[in-house]
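Both counts, for ligands and for their atoms, begin at 1 and track the order of listing. Remember, it's a predicted structure, so these values are computed and weren't measured experimentally.
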Amino acid sequence: MKVTVVSHSDNKLTLLLEKTKPAVANALRRTFIAEVPVMAVKDVTFYENTSVMPDEYVAHRLAMVPLKTDLKSYKWTEACANGDYSMCSADISIDEAGPKTVYSSDIKTSDPKIKPISGKIPIMKLMPGQRIRLEAKAVLGKGEDHAKWQVGLAGYKYFTTIKADYRKLKDLKAVAASCPVGALKVREGKLELDQVKCTHCNECSHFVNDPNAFKLGFDRTSFVFVAETNGQMTAKEAILQSVKMIEDKIQSMQSQL
Ligand code: SF4
């Protein structure tokens, strides 16, 4: 398999996966979405809540705040899934009084590395005289158990193929201009396709003078793969973690066999 990084920022990674199979791209997608462990609030103890919001609402909102996750210091194991959080949790707390809007920046954590990805996420409003005082555990978990533990989203699409008979095709510029996302260019008398931009919309095939001279198709051995995290870790870290998890599963199967 050939892997090419097309673009990457902290939270988003676009790759070309060539000479491989849909099963490989799909294993990577599924592992990324469902199995990369991230921190999220699990158990909340309320000592005081005189706001208009019930405890359950506040707990749910806290749980949906994405937290920076450090997989070098915290380890997800079966023990963690079974309620032993000694290796996989950090303590958080909130103690605020109204009038104010409580934001994610008001969350205090026992480990400065485990903190909300942004301080601007509103959690609740407190009116004069109202107070919220709580403690909670941020615990490593997996997206397959709850969306709050989902690191982000990943997806892939097949490469688009163009079969064109350039002796019969006329006005290539008009065909290229018909593409709504600018994926087609004319270069040296031929159509050049940007695989990342192409959405398989088929619009360009309506602008050819001879439909028999132009055919769009799929290359089922090559994929544009896009992975984006919510910010708990970088997209690169999450992809590498996904690859490691697939590798671990295969090694475990190999040793058992
Ligand atoms: S299929 Fe759609 S997106 Fe792709 S090149 Fe043709 S017009 Fe552009």
Would you say the side-chain atoms of [X] pair up with the backbone N or O of [Y], donor to acceptor, closer than 3.5 Å?
| X | Y | answer |
| --- | --- | --- |
| T4 | V6 | no |
| E35 | K142 | no |
| N26 | R30 | no |

Heavy-atom pair with the smallest gap, counting every atom of A59 and F46: N-CZ, 4.0 Å
Applying ring pair (Phe, Tyr, Trp, His ring centres under 6.0 Å), can you list everything that pairs with Y156, at least two apart in sequence or on another chain? F223
Heavy-atom count check: over 12 atoms from other residues, nucleotides or ligands less than 6.0 Å from K100 NZ? yes
Which residue owns the protein heavy atom closest to atom 1 (S) of ligand 1, what's the atom, and how far is it? N202 N, 3.2 Å
Give me the number of protein N, O or S atoms whose distance to atom 8 (Fe) of ligand 1 is under 2.8 Å. 1
